[in-house]
Amino acid sequence: MISNVDRNKLSRQLVGLERFRRSAKCGANKNGIGTWKWVTGMGKTFAACLLVKKILRKQPKGEVIILVPRTVLKKQWKDTIKVICKGYEKNIKVMTVDYYLYHNLNLKPLLLIVDELHLFYTQRRIAIISGKQCNYTFALGLTGTFEEDAKRHHIVAQYLPIIDSVEEDEAIKEGWISDYVEFNLGYSLEEGERRIYDNYSNNIKEILGYFENTLNKKPFDMVTQCLSGFNGLKPFDIACEFAESKGWYSNMPTDTTENVVIERDYNPNKVMRQAISLMKYVRSRKELLQHSKSKVSIALDIIKKFPNKKIITFSESTVFADTLYRLTNKEISVLKGLQETEQFSVRYHSNLETEIRKIKSKDVKYGKIRLKREALNKIETGEVNVIHTAKALDVGFSVSDMEVSIITSSSSNSNQHTQRGGRVKRKSERGTVIIINVYAVATKDYDTLKSRQYKTPKRKVYWIDDIDLIGLGYVNNERERLTNFINNYL
């Protein structure tokens, strides 16, 4: 029997279908064009399949193309199509955008659906959306995070403007997705790691000082332009421009001490070497934070704290994901009393290596695709409780009963943060879910976390320094303390 919540959710999804039908009145330049910007967990795939079925009923010979940014999304779409669009499967093609571009396709579908539209903002992918490389009649974009800092969404909005929006607060209030809290768990780097980190930071600071300039460019921008070029100029040309601003010029005589110093310090080749050195230090510092030993220990302790909850861990490194996977199975299996061959966690990322397993006395090859499929199946069925990933499951992962997300490293991109959080916010009966951001205090980790979290409501974020404080009990105590403070002093 369908619940009132699900009935209301379906009614809201049907509003999206109606707005697509009359999208010319909702901001598009004609009907049957536009984007649904619905919070993750709202059921974009399900609703889009309802739309596909409705359109194909009227035009049974029409073709529907569904483009996805990652392979993991193909299975989700195909499973939903089998249920909702039964009888029309031959009319519907689901493919990755990389496949579409690699084969230089230029199809003419009745309906084009672009899933995770925010990942289609590159020039080549926009060519599909604009109609240059896909001559569609109708087109629907799906995303939970339309805007981006680089403002490329303004280009996409010319072709697929937002015609319907469901925001997070509305979805939580109506019970369509789970409520959540975020804990920002800080820790201090070990002495050895801190020493190396400070050394990298000092070198970075010194080189950024070297790139101070009178060209109205920030030092770091100057570095990136020296390495990548800018506004039609080649990298070495930029380096020459910078060198000239410091007094250097081609074939400069070295007959004075001043000229010798300028030639030594600001020859364009030296400028290029300095730029390369800076990026090397930046990359090394970032990798140190991503692979911090303390983060491994903290993540393991959090998993041990919630041994019966379904958990997903995110990082920026497949090596880190592998390490956490190996240690989780080693340490948690002992605590749970599992047999040596049993698993407590699985991993899912782009660098999985082929395994040869003994099954009924035969060697069976498990390649990357098979291992990924097995990992998703095990977490979906509850055979394991924990899945470790890097970036591969930032979008498209839709297991409805995930309860805890542990983010050990991330970019500063707020959209990535929203997407990762969406993996655990999908509606279920488990109540409020928990997102834990692990960061090293007094490092760039803190700055990155603040940047990516700026869209998150402050009332949902708690800064802590102790794993024991993670939980809804702490949240309730803090809310009660704040309420008492307001009542007594304000």
Quiz item: With a 3.5 Å cut-off and no angle check, do the side chains of E316 and S409 form a donor-acceptor pair?
Solution: no
Quiz prompt | Over 12 foreign heavy atoms within 6.0 Å of NZ, K286 | solution = no
Quiz prompt | S345 vs N329, side chain to side chain donor-acceptor pair (under 3.5 Å): CA-CA, chis, key distance, verdict | solution = CA-CA 6 Å; S345 73; N329 284 335; 3.1 Å; yes
Self-check item: Residues S414 and Q453: side-chain donor-acceptor under 3.5 angstrom
Solution: no
Quiz item: Can you find a pair of side-chain heavy atoms, one from T35 and one from P161, that are under 4.5 Å apart?
Solution: no
Quiz item: Does any donor atom in the side chain of S297 or Y187 lie under 3.5 Å from an acceptor atom in the other side chain?
Solution: no
Quiz item: Relative to Y180, does K460 satisfy both conditions: NZ or CZ under 6.0 angstrom from the six-membered ring centre, and within 45 degrees of the ring's axis?
Solution: yes
Practice problem: Please identify each residue that fulfils side-chain hydrogen bond (donor to acceptor under 3.5 Å, both in side chains) with E148, with sequence neighbours left out. | Solution: R152
Practice problem: Go through the structure and list residues passing ring pair (Phe, Tyr, Trp, His ring centres under 6.0 Å) with Y446, not counting sequence neighbours. | Solution: W463
Quiz item: Any luck finding a side-chain donor-acceptor pair between Y348 and E374 under 3.5 Å?
Solution: no
Quiz item: Within a strict 4.5 Å, meaning less than it, do heavy atoms of the H118 and F146 side chains meet?
Solution: no
Quiz prompt | Pair S410, H417: side-chain N/O donor-acceptor within cut-off below 3.5 Å | solution = no
Exercise. Provide the full list of ring pair (Phe, Tyr, Trp, His ring centres under 6.0 Å) pairs with a residue in residues 48-101, sequence neighbours left out, each pair given once.
Key: Y99-H103
Self-check item: R285 to Y200, cation-pi by 6.0 Å centre distance and 45° axis angle
Solution: no
Quiz item: Quick one: ring pair (Phe, Tyr, Trp, His ring centres under 6.0 Å) partners of W176, sequence neighbours excluded?
Solution: none
Quiz item: Do the side-chain N and O atoms of T313 and H388 include a donor-acceptor pair separated by under 3.5 angstrom?
Solution: yes
Quiz item: What pairs with K37 under salt bridge (charged side-chain N to carboxylate O under 4.0 Å, His left out), at least two apart in sequence or on another chain?
Solution: E167
Name the atoms and distances for all side-chain donor-acceptor pairs under 3.5 Å in residues 45-64, with sequence neighbours left out.
from	atom 1	to	atom 2	distance (Å)
T45	OG1	Q76	NE2	3.0
E63	OE2	K93	NZ	3.2

Quiz item: Which residues satisfy the salt bridge (charged side-chain N to carboxylate O under 4.0 Å, His left out) test with R70, sequence neighbours excluded?
Solution: none
Quiz item: Any idea how Y121 and H153 line up, ring-wise: parallel (<30°), tilted (30 to 60°), or perpendicular (>60°)?
Solution: tilted
Practice problem: Taking side chain to side chain contact (heavy atoms under 4.5 Å, CB included) as the test, write out the residues that go with L208, two or more places apart. | Solution: I204, P219, F220, L278
Practice problem: Could I get the full list of ring pair (Phe, Tyr, Trp, His ring centres under 6.0 Å) partners for Y197, not counting sequence neighbours? | Solution: none
Quiz item: If you count the non-hydrogen atoms of other residues, nucleotides and ligands that lie under 6.0 Å from CD1 in I369, is the total more than 12?
Solution: no
Quiz item: Do L142 and V114 come close enough that some side-chain heavy atom pair is under 4.5 Å?
Solution: no
Quiz item: Of all residues at least two apart in sequence or in a different chain, which pass the side-chain hydrogen bond (donor to acceptor under 3.5 Å, both in side chains) check with K217?
Solution: Q225
Quiz item: Going by atom types alone, do E116 and T143 pair a side-chain donor with an acceptor below 3.5 Å?
Solution: no
Self-check item: Heavy atoms from other residues, nucleotides or ligands near NZ of K218 exceed 12 (cutoff 6.0 Å)
Solution: no
Exercise. Start with the C-alpha distance between N8 and E174, add both sets of side-chain angles, then the distance that settles side chain to side chain donor-acceptor pair (under 3.5 Å), and finish with yes or no.
Key: CA-CA 8 Å; N8 291 338; E174 296 294 337; 4.7 Å; no
Exercise. Not counting sequence neighbours, which residues clear side chain to side chain contact (heavy atoms under 4.5 Å, CB included) with N135? List them please.
Key: K108
Self-check item: Listed partners of D447 passing salt bridge (charged side-chain N to carboxylate O under 4.0 Å, His left out), at least two apart
Solution: K444
